[in-house]
Amino acid sequence: MKMFTSIKRVSALGGILLISYSLYPQSADNKKVLSDSLIQSRELDEVIVKGVRVIGKDRIGAMSISGIEINKQPVLFGEHDVIKALQTTAGVVSGTEGFAGLYVRGGETDQNLYLLDGLPLLNVYHFGGLFSTFSTYSIDNVDFYKGAFPSLFGERVSSIVNIGLKRPDYNKTTGIFSIGLISGQLYFSTPIKKGKSALSIALRRTWFDVLSAPVLAIINSSKKSEGKKSIFQYNFTDMLIKFSAMDRRGNDMSLLLFYGKDNFKLGDERFDPDNSKLVYQKDINKMSWGNWGAAFTYRLSTPIGDIKIQPFVSKAFSTDSQENMDDSDHTGGLTAITKINPSVLQIGMREMLSFPIINGLEGEVGLQQIWYDYNLGNPSVSYSEDSLGTTAYSFPNHSKNVLLLGFGEFYWNIANCVQGAVGLRVNHYISRYIKHWNLDPRLNIKINLPYKSSLSIGYSRMTQYAQQVSSNYMYLPSDAWFPTASYNKPLLCDIYSIGYFKRFKHAFNIKAELWWKNMRNLTEYKTNTRITTTMLPWYEKMTFGKGCAYGLDLEMVGSFKSLHWNVAYGLMWNWRQFNDINSGKRYPAKFDNRNKFDITIGWNINDKIELTGQWEYMTGNRATLSLYNVAPPDVAFPDAPFVSPLDPDGGRQDGIDYYEGRNNVQLPAFHRLNLNLSFKGRINNRLTYQWDFGLYNAYCRMNPFTVIKSYVNTEWDNNGEYRKFKTLSLIPILPSVSYTLNF
């Protein structure tokens, strides 16, 4: 009697390969299966086969990470996160402490393309960047590219984050329910027609607003007698639905629906203590942002190759409303409302054909058409007063554009000695007043060397036709996207890479990669200008320049018995140069983090307990700070560090801030240790559970968020004050706990 093996699930976890399977007896002639009355099928327990994840596989600057691996990372508030997992790789920095920014090899956060099963999304952050909008329990695999990009991908110049979702289970109902400190998640998959079609749903909702409401009510009750009221509300929701089916010929089709939204409200009110409905002062900020989208995918097998057709539509939206009212003299309230509502609508179609040519040579060609509608978010301001009515002013906001492109790539493998790909992407961008043709060549070559090693080289030209500009360290949803138009050119980036990969004994891999990036037509706000500057059209707020970044990435992955580890180091330089900024001189970018270490170690204590630790070190961010003050004309002014001399009339005189240059100060270094302890168990044959106990920033390192300059009073000096600089920190040590049920 032979045994027939049915593989049910294969996935990678760091250096571990997980395989679950079922065994079925089969007759000796392999033609007739024994009747159900004679045999019983049984699903065996999960089998763990240890191995090493190869980090120098086929394409330089590329890696793949599984959804299982993402869910084992120590995280903030127990919220597993795709982007925070990618931050632990070499050449990638996180930006501001605790936030889910992705700054890849000297790029900005707007230079990353996020694809969710082919659906492009722009607003991918919750709560200003603390978490990303992707439910990790619905993720099968994430392909991350930061150099030598396939010609299939474009539109961004720094990285591609290609997120593949789990295929719904065609044969049985499965699911995951997780509850943590600030949110709950549910992933549910069930067949519709067994073996032919299935549906999966992923839901995520925070209850931070529910938890904070009683605390806020107590605070406002204590301040009611003073006529003061604080206002705070925040919540987010994510919803994902995926329908998959096979036709009679075995061709796959799927429909993806996605929706995510954040709501935030912060402010205060002053009212008459004797009549709380009589409000005479108000300062309230309301924000909401998110995405919605849909994508349909059809894969067709033909005699000439595999065809993939994918229409999609998505919209990123945001609204920022600031309401100010002052009626302290009770003469009739004057209310000013400033609104910013940028959005981007994309409607597109992809058509691809993958085909074999000869043994060791394959090809892939395709077309793509995208129509964009950019709402540029120029602020509109309205004033209302009992006697004046309402007035408002704004500038034209919409820009509609079309991107037509074709791509082709050929892959070869010569006797397993030389592997590679060469491709070309042709872009035709059409706006109202101008057209652009751009050619993006791509090259990737891998040469296998003796002793389980290889040498790789890569080159990519990338073109980006819209940029998101921010005047802060954090990119906010209210930061508008500015498309290429008649007065500016598309962002161009050339990326050069050379890498070496070596596999050693005892499950140990090492990879080293040198890279260089040249960026042209970068966009920034002009000095003393930002999006809230209402009296200028948006194109007059912009200035254009160039940048370059270069560095070295080192990665080491290994395992030994019950331990597995991943060590990443990045050495980076990051420069910018604009004619209208810093007197035209070159200056370091705000995230010019010269050195970055990431060390992740996992210890499988036994079959049920696992401990994971993650330590990160990063050279501090850059900030623009006035270190000195200069005297106005005809006013006595002492040397630094004193900044508050007396003017001739005995009043205070601080002097004028003097800035040596853009990003002239480097903040203190950032480092942090995160820990996570997992306990696994089984309730019955169908139900398993897992408890996760986390410690974020375990030794409570108060990493600086920003620096401010203040003045300190002294009694020993006649001048009375001197200058002092203070760093502000955001996140202390934070424990977390979550419970996950698998069914």
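Source: prediction; values computed, not measured.
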Any chance you could measure Ser244, atom OG, to Leu256, atom CG, to the nearest 0.5 Å? 9.5 Å
Quick check against the 3.5 Å criterion: does Asp252 have a side-chain atom that pairs as donor or acceptor with the backbone of Met246? no
Looking only at heavy atoms, which two atoms of Met63 and Ile65 are closest? And how far apart? CE-CB, 4.2 Å
Can you list the steps and then say if Tyr125 with Asp81 is a side chain to side chain donor-acceptor pair (under 3.5 Å)? CA-CA 10 Å; Tyr125 301 119; Asp81 195 276; over 6 Å; no
For the residue pair Ser158 and Gly107, what are the closest heavy atoms and their distance? OG-CA, 3.4 Å
Side chains of Val93 and Met618: does their closest heavy-atom pair fall under 4.5 Å? yes
Test of understanding: with side-chain hydrogen bond (donor to acceptor under 3.5 Å, both in side chains), list the residues that count as partners of Asp598, not counting sequence neighbours. Lys596
Looking at Gly95, is its backbone amide N or carbonyl O close enough to the side chain of Asn621 to form a donor-acceptor pair, meaning the two atoms are under 3.5 Å apart? yes
Shortest non-hydrogen separation from Pro191 to Asn171 and the atoms involved: CG-C, 3.9 Å
Would you please indicate if the ring centroids of His126 and Phe134 are separated by under 6.0 Å? no
Evaluate the side-chain proximity of Asp117 to Lys242: yes if any heavy-atom separation is below 4.5 Å, no if none is. yes
Side-chain donor-acceptor contact under 3.5 Å, Tyr114 with Asn291: no
Salt bridge present between Lys339 and Asp320 (N-O < 4.0 angstrom): no
Quick check: does any side chain N or O of Asn123 sit under 3.5 Å from a backbone N or O of Ala316, one acting as donor and the other as acceptor? no
Are the side chains of His671 and Trp615 in contact, using a 4.5 Å heavy-atom criterion? yes
Sole residue of Ile160, Leu122, Leu121 in side-chain contact (heavy atoms from CB on, under 4.5 Å) with Leu113: Ile160
Do Leu116 and Leu165 come close enough that some side-chain heavy atom pair is under 4.5 Å? yes
Of all heavy-atom pairs between Tyr170 and Ala198, which one has the smallest distance, and what is that distance? CD1-CB, 3.6 Å
Is the Tyr739 to Trp691 ring centre distance short of 6.0 Å? yes
Test side chain to side chain contact (heavy atoms under 4.5 Å, CB included) applied to Ile284 and Glu269, step by step: CA-CA 8 Å; Ile284 299 175; Glu269 291 181 355; 3.8 Å; yes
Apply the test side chain to side chain donor-acceptor pair (under 3.5 Å) to residues Ser135 and Gln185: give CA-CA distance (whole Å), side-chain angles for both, the deciding distance (0.1 Å), then the verdict. CA-CA 8 Å; Ser135 170; Gln185 296 188 58; 3.2 Å; yes
With heavy-atom distances below 4.5 Å as the criterion, would you say the side chains of Asn676 and Gln614 are in contact? no
For Asn341 and Thr319, indicate whether the former's side chain and the latter's backbone hold a donor-acceptor pair under 3.5 Å. no
Only pairs at least two apart or in different chains count here, so list each salt bridge (Lys or Arg N to Asp or Glu O under 4.0 Å) that has a residue in residues 191-206. Glu79-Arg204, Arg204-Asp238, Arg205-Asp209
Checking Glu610 against Ser678 for the side chain to side chain donor-acceptor pair (under 3.5 Å) test, could you report, in this order, the C-alpha distance in whole Å, the side-chain angles of both residues, the deciding distance, and whether it holds? CA-CA 5 Å; Glu610 182 175 1; Ser678 300; 5.8 Å; no
Check: Lys286 main-chain N/O paired with Ser321 side-chain donor or acceptor under 3.5 Å: no
Mind running side chain to side chain contact (heavy atoms under 4.5 Å, CB included) on Ser94 and Glu616 for me, showing each step along the way? CA-CA 11 Å; Ser94 57; Glu616 180 180 355; 4.0 Å; yes
Val557 side chain reached by Trp565 side chain, heavy atoms, under 4.5 Å: no
Aromatic centroids of Phe296 and Phe312 separated by under 6.0 Å: no
Hey, what do you get for CD1 (Ile733) to CZ (Arg701), rounding to the nearest 0.5 Å? 14.5 Å
Roughly how far, to the nearest 0.5 Å, is the CD1 atom of Ile231 from the CG atom of Asp268? 7.0 Å
Counting C-beta onward and ignoring hydrogens, is there a side-chain heavy-atom pair between Arg672 and Asn703 closer than 4.5 Å? yes
For the atom pair CG (Leu667) and OG1 (Thr706), what is the distance rounded to the nearest 0.5 Å? 6.5 Å
Is the charged tip of Arg105 near the ring of Tyr103: under 6.0 Å from the six-membered ring centre and within 45° of its axis? no
Report the residue from Asn112, Val82, Asn162, Leu86 that forms a side-chain contact (heavy atoms from CB on, under 4.5 Å) with Phe144. Leu86
Is it the case that over 12 heavy atoms from other parts of the model lie below 6.0 angstrom from the NZ atom of Lys308? yes
Over all heavy atoms of both residues, which pair between Ser200 and Tyr187 is shortest? Give the atoms and the distance, please. CB-OH, 3.7 Å
Under the 3.5 angstrom rule, does the side chain of Thr338 hit a backbone N or O of Gln322 as a donor-acceptor pair? no
Hey, are Gln310 and Thr297 close enough side-chain-wise for a donor-acceptor pair under 3.5 Å? yes
Would you say the side-chain atoms of Asn697 pair up with the backbone N or O of Ile731, donor to acceptor, closer than 3.5 Å? yes
Find the distance between CD (Glu155) and CD (Gln346) and round it off to the nearest 0.5 Å. 7.0 Å
Step-by-step side chain to side chain donor-acceptor pair (under 3.5 Å) determination, Ser230 to Lys223: CA-CA 9 Å; Ser230 297; Lys223 298 191 299 182; 2.6 Å; yes
Using 30° and 60° as the class boundaries, would you call the ring planes of Phe188 and Phe743 parallel, tilted or perpendicular? tilted
In the structure I gave you, are the side-chain heavy atoms of Val469 and Asp110 within less than 4.5 Å of one another anywhere? no
Main chain of Ile182, side chain of Thr206: is a donor-acceptor contact present, judged purely on distance under 3.5 Å? yes
For His564, is there any backbone N or O sitting under 3.5 Å from a side-chain donor or acceptor partner on Ser559? no
Verdict with reasoning, Tyr137 to His80, per side chain to side chain contact (heavy atoms under 4.5 Å, CB included): CA-CA 9 Å; Tyr137 295 115; His80 299 290; 3.9 Å; yes
Residues in side-chain hydrogen bond (donor to acceptor under 3.5 Å, both in side chains) with Trp292, at least two apart? none
d(Ile163 CD1, Ile70 CD1) to nearest 0.5 Å is 7.5 Å
Asn606 atom CG, over 12 foreign heavy atoms within 6.0 Å: yes
Can you tell me how the ring of Tyr234 sits relative to the ring of Phe236, calling it parallel under 30°, perpendicular over 60° and tilted otherwise? tilted
Nearest heavy-atom pair of Ile83 and Ser132: which atoms, and what distance? CD1-CB, 3.6 Å
